[in-house]
2 protein chains.
Amino acid sequence: MTACADCPVRNRAICSVLEDGERAILSQIGHRQSLSAGQTLMWEGDKSSVVANVIEGVLKLSTSLGDGREQIVGIAYPADFVGRPFGDQTRYTISAITDARIHSFPRAGFEKFAQEHPKLEHRILERTLTELDNSRQWMLLLGRKTAQEKLATFLLDMSERLKDECCDEILAPLDKFTLPFGRQQIANILGLTIETVSRQLTELTKADLIKLPDQREVLILDRNRLQELTDL
Amino acid sequence: MTACADCPVRNRAICSVLEDGERAILSQIGHRQSLSAGQTLMWEGDKSSVVANVIEGVLKLSTSLGDGREQIVGIAYPADFVGRPFGDQTRYTISAITDARIHSFPRAGFEKFAQEHPKLEHRILERTLTELDNSRQWMLLLGRKTAQEKLATFLLDMSERLKDECCDEILAPLDKFTLPFGRQQIANILGLTIETVSRQLTELTKADLIKLPDQREVLILDRNRLQELTDL
DNA sequence: CGTGCGATTGACTGTCCTCAACATGGGTGG
DNA sequence: CCACCCATGTTGAGGACAGTCAATCGCACG
């Protein structure tokens, strides 16, 4: 049931550094779990009791102020690892943005296993370092970029992660992808309001840099000019 | 010369998890180095060739846009670890804010040593996870807080890190500390302009929440009300 | 005593937010 | 099947907060 053999992320998730035998043991420490869109896995401030691999779907990590203002501080795609090992508190809320499947582990059991398998810890370290680099890059966006620059950066960033597999076209001179986010969530990622996001998207559309065939679909028409707008 | 015995951070830096013998070996992989205020250790985009422990002084990690807008994405105090192990590129500039001393290691040698000492890697992992939590918390500030909230948060944050050792007073009902930053750098930490920082500080002073005896010194007069202004 | 750097203050501007109306589209029930 | 509704997104008008530009201050240093 929790067999790794048919796991779609077995070659990319952190467990890919383990031997089959080791992986089977780790697998049995936890279990697969389904989340429906909107469902929250753990809350900011909770005791950290669970960590997980994302198998399918998209999760968001978010934190918020007393009056409800929210900031999304991370996004987890399939093969990503979520949760806070080696610490007793989760400092952000983890929720499913789309329907999702994860393989979750009780933190204690996972930590014990990890400490006995340094190569797994090493893999987690590498990921965490990359996450830290990314989040610092995002701080530049939040602190210093204009609304237009934020959206240009966001769209290019998404296009890297979400390049539609279904490339029916002969070539792909303009790429197309489907956002897993609604406008409000884009706003919460970029530190803007939903109205500003909407306005900037229509601006970019009017300027023929992008096309929005549908609320969630994006076509990048002019990657170069979009790149220039990111100001980096 | 590079003896650990007299190192002021030996009990707090990552090497504190090592035995004396191991630590001596690690020590000899690198060397102590002095940095004067303003001096840059490594540049954003450089090949990552060095990592280091901070022994004394304060360093900043920063990244910037094409036109010079800068965002400070991290601050390193004594006993902190800087640089990017297990990755070939540094994604932010590391510079000394005050005169500083570090113990730096060629990345390759350090990595080899770390891989042979899982408990050191584990310590680095713990630190990196904490750093990631902190940087995500800071994203909330950058994306969602007002100028006033940013400054209140900043001042309380600094007071935690910088509580003046020299507590001559019987008790410390109001705490005092000296910022290692000028106004421009505060602005670059908070994602504001220098003028806004200055104005907000005078506001807080007029409201008798703080006192600024000198450009770098801060007295917190009313920690509770300041806490309320952080809106969390 | 002048020079220069950092910080402060002021006047004005612009970007983004707020509030509100309106559009769109998918789902449900009559 | 259509009318209605609700959720989501767009558009508009007006305002506020922080940015820009510029003058002034204070202080350390030569």
Rounded to whole angstrom units, what separation is found between the [atom1] atom of [X] and the [atom2] atom of [N]?
{"X": "B/L151", "N": "D/dC17", "atom1": "CG", "atom2": "C1'", "result": "14 Å"}
{"X": "B/L190", "N": "D/dC17", "atom1": "CG", "atom2": "C1'", "result": "16 Å"}
{"X": "B/L179", "N": "C/dA7", "atom1": "CG", "atom2": "P", "result": "10 Å"}
{"X": "A/F181", "N": "D/dG9", "atom1": "CZ", "atom2": "C1'", "result": "17 Å"}
{"X": "A/R216", "N": "C/dT24", "atom1": "CZ", "atom2": "C1'", "result": "15 Å"}
{"X": "A/Q184", "N": "D/dT10", "atom1": "CD", "atom2": "C1'", "result": "14 Å"}
{"X": "A/R69", "N": "C/dC17", "atom1": "CZ", "atom2": "P", "result": "12 Å"}
{"X": "B/E195", "N": "C/dC12", "atom1": "CD", "atom2": "C1'", "result": "13 Å"}

Side-chain N or O of [X] less than 4.0 angstrom from OP1 or OP2 on [N]?
{"X": "A/T193", "N": "C/dC17", "answer": "yes"}
{"X": "B/S198", "N": "C/dT8", "answer": "yes"}
{"X": "A/T202", "N": "D/dT11", "answer": "yes"}

*Write down the atom of B/H103, the atom of B/I55, and the distance for their closest heavy-atom approach.*
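Closest heavy-atom pair between B/H103 and B/I55: N-CD1, 3.8 Å.
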_Nearest non-hydrogen partners of A/N188 and A/Q71, listed with the distance_ =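 So the minimum-distance heavy-atom pair works out to O-NE2, 2.9 Å.
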Quick one: which of [options] gets closest to the side chain of [X]?
{"X": "A/L192", "options": "C/dG10, C/dC17, C/dT18", "result": "C/dC17"}
{"X": "A/R199", "options": "D/dA18, D/dT11, C/dG6", "result": "D/dT11"}
{"X": "A/T196", "options": "D/dT20, C/dA20, C/dC16", "result": "C/dC16"}
{"X": "B/Q200", "options": "C/dC16, C/dA20, D/dA18", "result": "D/dA18"}
{"X": "B/T146", "options": "D/dT8, D/dA18, C/dA7", "result": "D/dA18"}

Do the charged groups of [X] and [Y] touch, with an N to O distance under 4.0 Å?
{"X": "B/R136", "Y": "A/E44", "answer": "no"}
{"X": "B/R127", "Y": "B/D80", "answer": "yes"}
{"X": "B/R223", "Y": "B/D175", "answer": "yes"}

*Tell whether B/Q148 reaches the base of D/dC17 with its side chain through a donor-acceptor pair below 3.5 angstrom.*
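No.
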*Could you pick out which residue, A/Q215 or A/K145, lies toward the 5' side of DNA chain C when each is mapped onto its nearest nucleotide?*
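It is A/K145 whose nearest nucleotide is closer to the 5' end.
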